[in-house]
Amino acid sequence: MRKAKLFHVIAASATALSLAACSGSAANETTTAAPETTTAPATEAATTAAAETTAAEASGPVTYDAKGSGYGGELNLKVTIDGDKITELELGDHHETNVVMDRAFPVIRERILEANTPVVDSVTAATFSSYAVKAAVADAMTQAGLEVEKITMATAGPVKEAATLDDVTADIVVVGGGPSGLAAAITAKQTNKDAHVMVIEKMDILSGNGKFDMNFYDLINSEAQKAANNEKWTVNQVENFIEAKSTAGDSEERVKVWAEQENVLDAWLRDMGVELDYNYGAMNHMAKEDQYAGEVIQAGMEECARELDIEIRTGTKGVDLIMEDGRCAGVSVENNNNESYDIRAQYTIIATGGFCSSKELLAEYAPGFEVLNTSNQMGTTGDFVKVFEENGFKLEQMDNVRVFPNIIVPRRDLTGGADVSLLVNKEGARFISENAGGLELGTTIQAQPDGAVYSITDKTGYDSFYRIRKHVGLGYYAQGETLAELAEALGIDGAGLEQTVADFNEAAAAGTEDQFLKAAASRPLDAEGPYYGVRIEAANHMTKGGVSCNENAQVLYEDGSVVEGLYASGEVTWQSGGYSQSVCFGRVAGEQAASNLK
């Protein structure tokens, strides 16, 4: 019997994930095509040397220092070639996002070594990083005197012949390997250790957008809150949480379950070695004062899933549900080998995220928002929206989109958060209240000259929020000891910026509202530098709407009845919260499914 090829997460490489801090930024990668780049040797001397002493003529393996251009800039790679065979790749200095590269490099390394060529498929969700590695390998091959085709962003491996494979079975199949899907799979296995739990993920790497997130919010009863004497969320915390979320839009039953899950979530994470030790007010958490929460949480969940022997198939996309007499009996999938097959399961959990990355679905369900870019990861394409509709499932709040006001252009990192910052255009002029948000802010930014807008803050603002300090340290922000120097560095009108700041400071010092009404005028900007600025845009961060579920995470038909055999959690559902709520209801779905196994 032909079996489906298994795409396991690669864990045994030298770059394997750990719970240690990652030094890279939290930027998401895009699939925007870069200009074609050749991989010819950098100098004529290198070409001559390669011609005189090729790997094929050498008595043994030769290691070449090679370079590629990735998402963050130059990437260095040591490539060992023995004759005409690539035998090893060793990653050197680079500026890629570590939470992506730590996951993607083992995959692209294996593909290149197995194929003995850089002409292989890129790692999905790591397109630019893959391109950099492939280009560097081609550089090394050229140095070695070997022939290799030009590497571009479109370079891919040979097209594979389509094939239909035999069905596979599982007790529980989880569709989506982001925060909610991993939480569901782990909890299912913890609930029933004998259950065969399978996770499929259409990207080649796991953890969705969660791995980029700075803040794990809505968490209560945490060790960090106790250490900070944050009594509201450690004493009567469940009741306080229910009250706080009573008007958020979730049903009373779901809010109660949500509160109970948040109450034990910190302990659950700590049991797998994930420690969120920095509580910065209310329910907000980071791993450390200078370390994002997401990179630690997601690495911990991935490691836990491996330790529990959960079967993980990456590069495998769910395309349809198997519905039999109104009950879900599994999911139909397609993988990167162009193979299709059915996974039949007692219970199916959908955790595929939202549809921020689909302009078509945004235009249909949230018209107007399709004009904005997204800060979300490239997998948020709403794959099951139409499947839900076709099967008569209830959809809610589909026009509800959260817009993040400040993402860096072109990197797309979430930024901002200073106690005071100004938004100015190329003339150095303010054009909207800094308190504005949503689609209005996004389209107003686009309407400025060249669509260029900059966020400006001072040393006090820099000191007020870690995200800005991190981005300044990584070189994403321009700096100036004076406003004129900052304006020159940003390429905007210096005199206009100086006048704008003077007008703003006058209004702020007087405690009066300025021409933009509720501007962030709690204090003037510092009279002396340094000053910091970065080009930003507003972007779709989350689609809040999705399929409707009850408090047990069971999917509902339009009439409110339960779809037997089917659960959903995370951004694919309607939920008022975000990251931690996705994890909470992933846990609910996993526990419910595992408890009900026959």
Side-chain angles (χ1 to χ4, degrees), residues 3-13 16-19 102-103 106-107 125 167-208 210-211 265 268-274 296-318 328 330-331 333 335-336 341-353 379 553 565-570 572 582-598:
K3 299 294 184 184
K5 184 174 179 181
L6 186 62
F7 290 81
H8 285 293
V9 176
I10 299 171
S13 130
L17 301 177
S18 71
L19 299 182
D102 288 348
R103 293 166 169 85
V107 180
D167 295 353
V168 300
T169 60
D171 293 321
I172 299 169
V173 59
V174 180
V175 186
S180 196
L182 288 175
I186 291 167
T187 305
K189 194 69 174 179
Q190 290 171 335
T191 302
N192 186 336
K193 64 181 178 61
D194 296 323
H196 177 193
V197 180
M198 182 188 296
V199 175
I200 63 168
E201 166 56 51
K202 70 177 180 180
M203 299 289 108
D204 289 322
I205 60 177
L206 297 173
S207 281
K211 58 185 173 285
L265 194 53
W268 181 72
L269 290 170
R270 287 179 184 274
D271 280 346
M272 68 178 75
V274 175
V296 175
I297 294 170
Q298 296 308 128
M301 287 206 290
E302 289 183 33
E303 180 63 24
C304 183
R306 286 190 288 269
E307 290 175 354
L308 291 171
D309 290 326
I310 292 168
E311 184 178 353
I312 298 173
R313 301 186 177 201
T314 55
T316 303
K317 178 182 179 180
C328 181
V331 61
V333 305
N335 66 26
N336 287 348
Y341 57 98
D342 287 346
I343 301 173
R344 302 190 70 86
Q346 289 191 46
Y347 292 102
T348 302
I349 301 172
I350 305 297
T352 50
L566 184 62
Y567 297 86
S569 59
V572 74
S582 295
V583 172
C584 284
F585 278 97
R587 280 175 37 79
V588 171
E591 182 178 13
Q592 290 287 323
S595 297
N596 292 325
L597 283 176
K598 297 177 181 178

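By convention here, the first residue in the shown sequence is residue 1.
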Search all heavy atoms of [X] against all heavy atoms of [Y] and return the closest pair with its distance.
X      : Y      : value
His196 : Asp171 : N-OD2, 2.8 Å
Val197 : Ala188 : CG2-CB, 4.1 Å
Gly379 : Met203 : CA-CE, 4.1 Å
Val583 : Ala183 : O-CB, 3.6 Å
Thr348 : Cys328 : OG1-SG, 3.6 Å
Ile349 : Ala184 : CD1-CB, 4.0 Å

Distance-only criterion, 3.5 Å: show the donor-acceptor pairs between side-chain atoms of residues 585-597 and protein atoms not counting sequence neighbours.
from   : atom 1 : to     : atom 2 : distance (Å)
Arg587 : NE     : Gln261 : OE1    : 3.0
Arg587 : NH2    : Gln261 : OE1    : 3.4
Ser595 : OG     : Glu591 : O      : 2.8
Asn596 : ND2    : Tyr567 : OH     : 3.3
Asn596 : ND2    : Gln592 : O      : 3.0

- prompt: What residue among Val175, Val333, Thr169 forms side chain to side chain contact (heavy atoms under 4.5 Å, CB included) with Ile343?
  reply: Val333
field: Any Lys211 side-chain heavy atom under 4.5 Å of Glu302 side chain
entry: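 They are not in side-chain contact.
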field: Close side-chain approach of Glu201 to Ile312, heavy-atom, < 4.5 Å
entry: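 No, their side chains stay 4.5 Å or more apart.
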Nearest-0.5 Å distance, [atom1] of residue [X] to [atom2] of residue [Y]:
X      : Y      : atom1 : atom2 : value
Lys317 : Asn336 : NZ    : CG    : 10.5 Å
Leu182 : Thr187 : CG    : OG1   : 10.5 Å
Glu311 : Met198 : CD    : CE    : 4.0 Å
Ile172 : Ile310 : CD1   : CD1   : 9.5 Å

- prompt: With no hydrogens and no angle check, is any side-chain donor or acceptor of Lys189 less than 3.5 Å from a backbone partner on Asp309?
  reply: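 Not confirmed, Lys189 side chain does not pair with Asp309 backbone.
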message: Donor-acceptor check, side chain of Asn335 to backbone of Thr316, threshold 3.5 angstrom: yes or no?
response: no
message: Please enumerate all residues that pass side chain to side chain contact (heavy atoms under 4.5 Å, CB included) together with Ala351, with sequence neighbours excluded.
response: Ser180, Ser569
task: Applying side chain to side chain contact (heavy atoms under 4.5 Å, CB included), name anything that partners Ala568, two or more places apart in sequence or on another chain.
output: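 If we apply the side chain to side chain contact (heavy atoms under 4.5 Å, CB included) test to Ala568, skipping adjacent residues, the hits are Ile350, Val547, Cys549, Val555, Val572, Thr573.
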query: Stepwise, does the side-chain contact (heavy atoms from CB on, under 4.5 Å) test hold for Val168 with Arg313?
result: CA-CA 12 Å; Val168 300; Arg313 301 186 177 201; 4.2 Å; yes
- prompt: Could you go step by step and tell me if Ser207 and Met301 meet the side-chain contact (heavy atoms from CB on, under 4.5 Å) rule?
  reply: CA-CA 9 Å; Ser207 281; Met301 287 206 290; over 6 Å; no
task: Might you work through the side-chain contact (heavy atoms from CB on, under 4.5 Å) test for Val107 and Arg103, ending with a clear yes or no?
output: CA-CA 7 Å; Val107 180; Arg103 293 166 169 85; over 6 Å; no
